[in-house]
Amino acid sequence: MSLLDSHEESSKGYLLGTILLVTFVLGVTGYVGYGHFTKAPEDNKTTLCPAAGPLGHIVVLVDKSDPMTFTQRKSFSVIYRDIVTHVPRGHLLSLYALGEDFMSTAEPLMELCSPGDGSDVSTFDDNPGHRKKTYESRYLKPFMEREDDLVTERPGKASPILEMVQLAGITGFRKHAVAGEKRLVIVSDMVQNTPQLSMYRGVPDYATFGQTAYGVKSRANLQDVKVEFRMLMNTPAIQTERLLDFWKTYIRQSGGRLVLHDPING
């Protein structure tokens, strides 16, 4: 091989190496740049909600006006954990524990967005390990520690369930005005017992009740809210289809829709 041929081969090798190096640098730069621009904004450090706000809203309302039986308490523990752990990432969970003096507990006991456990994100656009740690320490653990605050050992003198639902609509859904899915989970025997209406003396037809001053005053704002009843079966003689029809109509007149009726026996 001549000196000229050798020089030409060397030049070709240098040029090829340069092209490969530039291609590699451009590729890495593009990858990093794409990752930078596609990376989701950090969640709010206080609420754990997405920077743009919650993607949906779940309100859990637990009626503390009557104690649960041992069996109901066990069932409630399972239901409560299932609700908390199945809140979609970025959705707000508001927790209410309301008793006979509903005005003293009108604000949520606790509310946070679920940051997700990291199982549905990748290292490319998020940090699964950090998200899982946040989920367990700042979301799941605090909510589970409040479970005992949702139950009572002392029966109350009144069960203002209409007022409880109304407050949940005002201080929950209306306060945050989340554009996404809205869901209300009510854990209660659903037997209203106040001076204005005691269902222990009979469950009225809602069409008639709704026209009374108290019926109009107690109507809630549950526009586009999906409602679930987890009904504590304390007095089956009262908790009949007539009771369920009353509440179905009430929810519908308030703008919502009953999507689940799950009796809790015991």
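Since the structure is predicted, the reported quantities are computational estimates derived from the model, not experimental observations.
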I'd like to check [X] versus [Y] (side-chain heavy atoms, cut-off strictly below 4.5 Å). Are they in contact?
X	Y	value
N221	I170	no
Y80	L95	yes
F173	L184	yes
K182	H176	no
Y206	K248	no
N234	Q72	yes
F246	Q192	no
I238	Y200	yes

Provide the closest heavy-atom pair for [X] versus [Y] in the form atom of the first, atom of the second, distance.
X	Y	answer
P115	Y135	CG-CA, 3.7 Å
R81	T85	O-OG1, 2.8 Å
D117	S119	OD1-OG, 2.7 Å
G169	L222	CA-CD2, 4.3 Å
V84	Y139	O-OH, 2.7 Å

Under 3.5 Å, sequence neighbours excluded: what are the donor-acceptor pairs made by side chains of residues 250-258?
| from | atom 1 | to | atom 2 | distance (Å) |
| --- | --- | --- | --- | --- |
| Y250 | OH | S218 | O | 2.9 |
| Y250 | OH | A220 | N | 3.4 |
| S254 | OG | A220 | N | 3.3 |
| S254 | OG | A220 | O | 3.4 |
| S254 | OG | Y250 | O | 2.9 |

Which pairs, with at least one residue in [range] and sequence neighbours excluded, count as a salt bridge (charged side-chain N to carboxylate O under 4.0 Å, His left out)?
range	result
residues 210-229	E181-K226, R183-E228, E228-R230
residues 189-206	none
residues 232-245	none

Candidates P50, S114, P54 - the one meeting side-chain contact (heavy atoms from CB on, under 4.5 Å) with L92: P54
Residues forming a side chain to side chain contact (heavy atoms under 4.5 Å, CB included) with P155, sequence neighbours excluded: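 Residues passing side chain to side chain contact (heavy atoms under 4.5 Å, CB included) with P155: D66, P67.
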Would you give me the side-chain donor-acceptor pairs under 3.5 Å for residues 56-64, sequence neighbours excluded?
| from | atom 1 | to | atom 2 | distance (Å) |
| --- | --- | --- | --- | --- |
| H57 | NE2 | S94 | OG | 2.8 |
| D63 | OD1 | S65 | N | 2.8 |
| D63 | OD1 | S65 | OG | 2.6 |
| D63 | OD2 | S65 | OG | 3.3 |
| D63 | OD2 | S188 | OG | 2.9 |
| K64 | NZ | D149 | O | 3.1 |

Salt-bridge contact E153-R73 (side-chain N to carboxylate O under 4.0 Å): no
Exceeds 12 heavy-atom contacts within 6.0 angstrom, atom NE2 of H261: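 Enclosed: over 12 neighbouring heavy atoms sit under 6.0 Å from NE2 of H261.
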Residue E145 excluded, over 12 heavy atoms near CD under 6.0 Å: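 Count over threshold, so yes.
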Transitive ILVMFWY side-chain link V187 to M199, under 4.5 Å: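 Each belongs to a different hydrophobic cluster.
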Step-by-step side chain to side chain contact (heavy atoms under 4.5 Å, CB included) determination, T71 to N265: CA-CA 8 Å; T71 304; N265 295 308; over 6 Å; no
